[in-house]
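In this text the structure is predicted, and so the values were computed from the model without any measurement.
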Amino acid sequence: MIRKPSQQDSADNPLVPLTLAVGQEDLLLDRAVQQVVAAARAADADTDVRDLTSDQLQPGTLAELTSPSLFAERKVVIVRNAQDLSADTIKDVKTYLGAPADEITLVLLHAGGAKGKGLLDAARKAGAREIACPKTTKPAERLSFVRSEFRALGRSATPEACQALVDSIGSDLRELASAVSQLVADVEGTIDEAVVGRYYTGRAEASSFTIADRAVEGRAAEALEALRWSLSTGVAPVLITSALAQGVRAIGKLSSARGGRPADLARELGMPPWKIDRVRQQMRGWTPDGLAVALRAVAQADAGVKGGGDDPEYELERAVVTVARAARMRR
């Protein structure tokens, strides 16, 4: 029996004949596959799963995999990097899409874009259930991902906690998802910034830049709290003065740059576009005099932690407070 999915069927049912996962985010692509396989095995524990790369799907292979079976077994056929399929194999896939077999679910993973667009269009025309798996390139997208992970696990986390996790972990969605799972498993109640700090701000680079971010935003108390935590976990003072210097210099560079789109400014200043957006928010309240004060304070602290002072911790605290006050001169 041959059937085509209705629009409602495609949206809700992982076991429709065709699922199309489009994008380049590996975690999301893997999750799309796992959802289909889990649903198939829930319906039939003996489901046959064939997971193929584009070079493994040769002309004629799909016909063999989808040919009727004497035992009418359920089957899931996964094709990765479908945009790289050969022209002859794409013809086979298009032919199959016109008459998909019952009890077989085909999952096409496609990077999107111009390459292999004919197959992408054919799959959509055939009524594929489509899952978007875009690469996350912006901090706001990663923040949204973390929030959705907590919601999916039935737990609440404060906005500050979500932001702290993104700041500490970075751009890898697998690491972010793993961190959320660990926090949910280990911590009871609402997850706040302090909890994230205990677990993750011991990372030297992350904690150093957290201090710098809070300082240039004029949030002295939070910067000092992050500083004391970092020092207690063994972060080298020189990493902290380096992060402070980078934070203040970034504000100076952007404040003196010509206006323009983040991408243009990124090329001009040698910063990634996401950092341009962040520094724009941080530079509110800064004045030329404030920048001069902050740069002197950071230079003095750098000399102090490299042997020019008796108390590196005091040097750092003084620099953090001075930078935070300089950020608020106009307010």
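- Between atom SG of residue Cys162 and atom CG of residue Leu143 there is a gap of 6.0 Å, rounded to the nearest 0.5 Å.
- For the pair Ala215 and Leu244, the tightest heavy-atom approach, listed with the atom from each and the gap, is CB-CD2, 4.0 Å.
- The shortest distance between side-chain heavy atoms of Pro17 and Leu106 does not fall below 4.5 Å.
- In this structure, the separation between CD on Glu103 and OG1 on Thr66 is 13.5 Å, given to the nearest 0.5 Å.
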> Run the side-chain hydrogen bond (donor to acceptor under 3.5 Å, both in side chains) check on Arg129 and Thr19 step by step: do they pass?
Replying inline: CA-CA 5 Å; Arg129 168 180 174 264; Thr19 288; 3.1 Å; yes
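- Note that CG of Leu231 and CD of Glu313 are 5.5 Å apart. Values are rounded to the nearest 0.5 Å.
- Panel note: side chain Thr89, backbone Leu85; no donor-acceptor pair is recorded below 3.5 Å.
- Ile78 is not listed as a side-chain neighbour of Arg50, based on a closest heavy-atom distance of 4.5 Å or more.
- A donor-acceptor contact under 3.5 angstrom links the side chains of Asp302 and Thr241, judged on distance only.
- Counting only heavy atoms from C-beta outward, the side chains of Val107 and Val76 approach each other to under 4.5 Å.
- Residues Pro14 and Thr105 come closest through the heavy atom pair O-CG2, 3.9 Å.
- In this structure, the side chain of Ser208 does not engage the main chain of Ala243 through any donor-acceptor pair within 3.5 Å.
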>> Between Ser86 and Asp88, does the side-chain hydrogen bond (donor to acceptor under 3.5 Å, both in side chains) criterion hold? Intermediate values first, please.
In response: CA-CA 5 Å; Ser86 68; Asp88 287 339; 5.7 Å; no
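- Under the 4.5 Å side-chain heavy-atom criterion for grouping Ile, Leu, Val, Met, Phe, Trp and Tyr, Val79 is not connected to Leu109 through any hydrophobic cluster.
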Atom pairs and distances, donor-acceptor, side-chain atoms in residues 218-227, under 3.5 Å, two or more places apart:
| unit_1 | atom_1 | unit_2 | atom_2 | d |
| --- | --- | --- | --- | --- |
| Arg219 | NE | Glu222 | OE1 | 3.2 |
| Arg219 | NE | Glu222 | OE2 | 3.3 |
| Arg219 | NH1 | Glu217 | OE1 | 2.7 |
| Arg219 | NH2 | Glu222 | OE1 | 2.5 |

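- Ile191 places a side-chain heavy atom less than 4.5 Å from the side chain of Val196.
- No single ILVMFWY cluster, assembled from side-chain heavy atoms under 4.5 Å apart, contains both Val33 and Leu108.
- The hydrophobic cluster containing Val320 also contains Trp286, counting ILVMFWY residues as joined when their side-chain heavy atoms lie under 4.5 angstrom apart, directly or transitively.
- A distance of 12.5 Å separates CD1 in Ile251 from NZ in Lys253, rounded to the nearest 0.5 Å.
- Remark: Asp84 engages Lys115 in a salt bridge, criterion side-chain N to carboxylate O under 4.0 Å.
- Summarising the geometry of Leu57 relative to Leu62, their closest heavy-atom pair is CD1-N, 3.9 Å, with the distance given to 0.1 Å.
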> Under the side chain to side chain contact (heavy atoms under 4.5 Å, CB included) criterion, do Arg41 and Arg74 qualify, and how do the steps go?
Replying inline: CA-CA 9 Å; Arg41 287 184 168 153; Arg74 182 176 294 278; over 6 Å; no
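- For Arg155, the CZ atom sits in a packed shell: over 12 heavy atoms of surrounding residues, nucleotides or ligands are nearer than 6.0 Å.
- Contact between Ala250 and Val279 at its shortest, heavy atoms only, is O-CG1, 3.7 Å.
- Residues Asp26 and Arg174 are not paired through a salt bridge, judged by the lack of any N-O separation under 4.0 Å between the basic side chain and the carboxylate.
- Between Thr47 and Lys75, the closest side-chain pair of non-hydrogen atoms is not below 4.5 Å.
- Cluster annotation: Val305 and Val298 are assigned to the same hydrophobic cluster (Ile/Leu/Val/Met/Phe/Trp/Tyr, side-chain heavy-atom contacts under 4.5 Å, transitive).
- Under a cut-off of 6.0 angstrom, the local environment of CD in Glu317 is crowded, with over 12 non-hydrogen atoms contributed by other residues, nucleotides or ligands.
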>> Does Arg325 form a side chain to side chain contact (heavy atoms under 4.5 Å, CB included) with Val321? I'd like the steps, not just the answer.
In response: CA-CA 6 Å; Arg325 287 176 177 169; Val321 171; 3.5 Å; yes
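- Under the 3.5 Å distance criterion, the side-chain polar atoms of Gln83 are matched with a main-chain donor or acceptor of Ala111.
- To the nearest 0.5 Å, atoms CG (Leu28) and CD1 (Ile131) are separated by 9.5 Å.
- The distance from the CZ atom of Arg80 to the NE2 atom of His110 is 15.0 Å, given to the nearest 0.5 Å.
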> What do the steps show when you test Glu149 against Arg31 for salt bridge (charged side-chain N to carboxylate O under 4.0 Å, His left out), and what is the final call?
Replying inline: CA-CA 13 Å; Glu149 289 292 288; Arg31 284 184 173 181; 2.7 Å; yes
> Do Leu183 and Leu165 pass the side chain to side chain contact (heavy atoms under 4.5 Å, CB included) test, and can you show the C-alpha distance, the side-chain angles, and the key distance before you say yes or no?
Replying inline: CA-CA 10 Å; Leu183 288 170; Leu165 198 59; 4.1 Å; yes
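- The side-chain heavy atoms of Leu65 and Leu52, taken from C-beta on, include a pair separated by under 4.5 Å.
- Here Glu141 does not pair with Lys138 in a salt bridge; the nearest charged N to carboxylate O distance is not below 4.0 Å.
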Would you tabulate the side-chain donor-acceptor contacts of residues 92-100 under 3.5 Å, counting partners in other chains and residues two or more places apart, or write 'none'?
| unit_1 | atom_1 | unit_2 | atom_2 | d |
| --- | --- | --- | --- | --- |
| Asp92 | OD2 | Gly60 | N | 2.7 |
| Thr95 | OG1 | Lys91 | O | 3.0 |
| Tyr96 | OH | Ala101 | N | 3.1 |

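- Ionic pairing of Asp121 and Lys125 is not present here: no N-O contact between side-chain nitrogen and carboxylate oxygen is shorter than 4.0 angstrom.
- Annotation for Leu176 and Phe145: closest pair CB-CE2, 4.1 Å, computed over non-hydrogen atoms.
- Annotation: side chain of Pro139 is in contact with side chain of Arg142 (closest heavy-atom distance under 4.5 Å).
- Criterion: ILVMFWY side-chain heavy atoms under 4.5 Å apart, direct or through other members. Under it, Ile104 and Val49 are not part of a common hydrophobic cluster.
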> Can you check side chain to side chain contact (heavy atoms under 4.5 Å, CB included) on Cys133 and Val22, steps first, answer last?
Replying inline: CA-CA 5 Å; Cys133 305; Val22 182; over 6 Å; no
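- Side chains of Asp55 and Thr53: a donor-acceptor N/O pair is present below 3.5 angstrom, by distance only.
- The shortest heavy-atom contact between Leu153 and Val184 is CD1-CG2, 3.9 Å.
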